Amino acid sequence: QVQLVESGGGLVQSGGSLTLSCQFSGVDFSNYALGWFRQAPGKERKFVAAIGVSVVATWYTDSVKGRFTISRDNAKNTVYLQMTSLRFEDTAVYYCGARAPGTGLTYYNTYRDWGQGTQVTVSS
């Protein structure tokens, strides 16, 4: 049974920074790929970033490249999303997802387990 708990969201001014954390528990964290997705009000959940079993295998949606960094700490069973140069359009609920490694990490419907989400609000 996998459990994911996100934290680190909040209110920040445009241009500011936040780091989200996702604590993973239940089974062997090192065997899972992790993804961050976000969902704005009235919109579908969209891919933000993903990291494979290997810490060097990362993917980003174009709008966050150069601003966001995904990383994982297998000793702490935690995945992070460092967000810099935040923009108003980054405002959303951010969700952490976990799944088996492989192709399709940018598709939310391939993830089996999800956290409850953490709100990120960027004021313009």
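What's counted below: heavy atoms across the whole structure, side chains too, no hydrogens, waters or symmetry copies. Please read all numbers here as calculations on a predicted model, not as lab measurements.
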Centroid-to-centroid, Trp59 to Phe47, below 6.0 Å?
no

Rounded to the nearest 0.5 Å, how far does OG1 of Thr106 lie from OH of Tyr60?
14.5 Å

Under the criterion side-chain contact (heavy atoms from CB on, under 4.5 Å), I'd like the reasoning laid out for Val12 against Thr121: C-alpha separation, chi angles, the key distance, then a yes or no.
CA-CA 6 Å; Val12 63; Thr121 302; over 6 Å; no

Residue pair Leu34 / Ile70: nearest heavy atoms and the distance that separates them:
O-CD1, 4.1 Å

In terms of heavy-atom contacts, Ala100 and Ala33 come closest through O-CB, 4.3 Å

With heavy-atom distances below 4.5 Å as the criterion, would you say the side chains of Leu105 and Arg99 are in contact?
yes

Is any side-chain heavy atom of Val79 closer than 4.5 Å to a side-chain heavy atom of Cys96?
yes

Quick check on the hydrophobic clustering: are Phe37 and Tyr107 connected, directly or via other members, by side-chain heavy-atom contacts under 4.5 Å?
no

With a 3.5 Å cut-off and no angle check, do the side chains of Tyr108 and Arg45 form a donor-acceptor pair?
no

In Å, rounded to the nearest 0.5 Å, how long is the span from OG1 of Thr69 to CE of Met83?
11.0 Å

Are the side chain of Glu6 and the backbone N or O of Gly117 linked by a donor-acceptor pair below 3.5 Å?
yes

Do Thr91 and Glu89 meet the criterion of a side-chain donor-acceptor pair at a distance under 3.5 Å?
no

Are any non-hydrogen side-chain atoms of Phe68 and Thr84 less than 4.5 angstrom apart?
no

Measuring centre to centre across the rings, with the benzene-like ring taken for any Trp, is Tyr95 within less than 6.0 Å of Tyr111?
no

With sequence neighbours excluded, tell me which residues meet salt bridge (Lys or Arg N to Asp or Glu O under 4.0 Å) with Arg87.
none

For the atom pair CZ (Arg38) and NZ (Lys46), what is the distance rounded to the nearest 0.5 Å?
8.5 Å

What I want to check is whether the side chains of Ser85 and Arg67 have a donor and an acceptor closer together than 3.5 Å.
no

Can you check whether Phe88's main-chain N or O pairs, donor with acceptor, with Ser14's side chain at less than 3.5 Å?
no

Could you tell me whether the side chain of Val93 reaches within less than 4.5 Å of the side chain of Thr118, counting heavy atoms only?
no

Verify same cluster id: Ile51, Leu20 (apolar side-chain graph, 4.5 Å)
yes

Rounded to the nearest 0.5 Å, the SG atom of Cys22 sits from the CH2 atom of Trp114 at a distance of 10.0 Å

Just by distance, no angles: are the side chains of Thr78 and Gln23 close enough, under 3.5 Å, to form a donor-acceptor pair?
yes

Looking only at heavy atoms, which two atoms of Val53 and Ser30 are closest? And how far apart?
CG1-O, 3.2 Å

Is Leu18 reachable from Tyr80 through a run of I, L, V, M, F, W or Y residues, each pair having side-chain heavy atoms under 4.5 Å apart?
no

Val2 side chain near Arg112 side chain, heavy-atom distance below 4.5 Å:
yes

Is Val120 reachable from Val64 through a run of hydrophobic residues whose side-chain heavy atoms are each under 4.5 Å from the next?
yes

Within 45 degrees of the axis of the six-membered ring of Phe29 and under 6.0 Å from its centre: does Arg72 put its NZ or CZ there?
yes

